[in-house]
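A quick write-up on the structure given underneath.
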Amino acid sequence: MQNLSFNAQCYALLLQIPVGRVTTYQALAHALNVKAYQAVGNAMNRNPNPVVVPCHRVVKADGQLGGYAFGAPAKEALLMSEGVQIKNGRIIDFANTLFTDFKTEPLKI
DNA sequence: GGAATGACATTTA
DNA sequence: CTAAATGCCATTC
């Protein structure tokens, strides 16, 4: 029983993403100090809690939406519904829409 | 305990 | 620019 499984930490980071913003698998993995880009998506694919976590705010590093357990179109619709501009399946102004200011775990001084 | 999977990333041609 | 191949990590069967 670990304090927080790998996927659990990903969810914690996703919960920190404000509306209208998106993050990438690489950012999440990098925030956890790992290169398990795919592992992040894998955790979402299993989708232990599809409603508790806005997994639809996670996109690929190229600005593409990537995949979604409920279907890629659903993800795009959700993101646009949140205010994310998407064109041809790509996020417009990805650099501005991307959110990587994750608050790392509370380091004990 | 081991093998297989995947909603990715990166590099090279 | 597009396309293909390889690597990489954690989770799951």
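Just so it is clear: chains get the letters A, B, ... in the order the sequence lines come, proteins before strands, and each one is counted from 1.
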Query raised in the report: Heavy atom of residues 56-87 of chain A under 4.0 Å from DNA chain B: which residues?
Result: A/Lys60, A/Ala61, A/Gly67, A/Tyr68

Query raised in the report: Rounded to whole angstrom units, what separation is found between the CG atom of A/Leu4 and the C1' atom of C/dT11?
Result: 16 Å

Query raised in the report: Yes or no on salt bridge (Lys or Arg N to Asp or Glu O under 4.0 Å) for A/Glu82 and A/Arg57, after CA distance, side-chain angles and deciding distance?
Result: CA-CA 9 Å; A/Glu82 301 225 339; A/Arg57 288 183 190 153; 2.7 Å; yes

Query raised in the report: Hey, quick one: are A/Ile17 and A/Val19 part of the same hydrophobic cluster, counting side-chain heavy atoms closer than 4.5 Å, chains of contacts allowed?
Result: no

Report task. May I ask you to decide if A/Ala8's main-chain N or O and A/Ser5's side chain share a donor-acceptor pair within less than 3.5 Å? Result -> no

Requested in this report: Classify the angle between the aromatic ring planes of A/Phe99 and A/Phe102 as parallel (below 30°), tilted (30 to 60°) or perpendicular (above 60°).
Outcome: perpendicular

Query raised in the report: Is A/Thr97 reaching over with its side chain to a backbone N or O of A/Asp93, donor-acceptor style, under 3.5 angstrom?
Result: yes

Return the polar atom pairs (N/O with N/O) between nucleotides 4-10 of chain C and the protein under 3.5 Å, or none.
none

Query raised in the report: Just how far, in rounded Å, is C1' of C/dT11 from CG of A/Leu32?
Result: 14 Å

Query raised in the report: Are side-chain heavy atoms of A/Ile91 and A/Val22 found at a separation under 4.5 Å?
Result: yes

Query raised in the report: Apart from A/Leu15 itself, what residues make up its hydrophobic cluster, given side-chain heavy atom links below 4.5 Å?
Result: none

**Report entry** Donor/acceptor link under 3.5 angstrom from A/Tyr25 side chain onto base of B/dA9
**Finding:** no

Query raised in the report: Between A/Thr24 and A/Tyr37, is any pair of side-chain heavy atoms under 4.5 Å apart?
Result: no

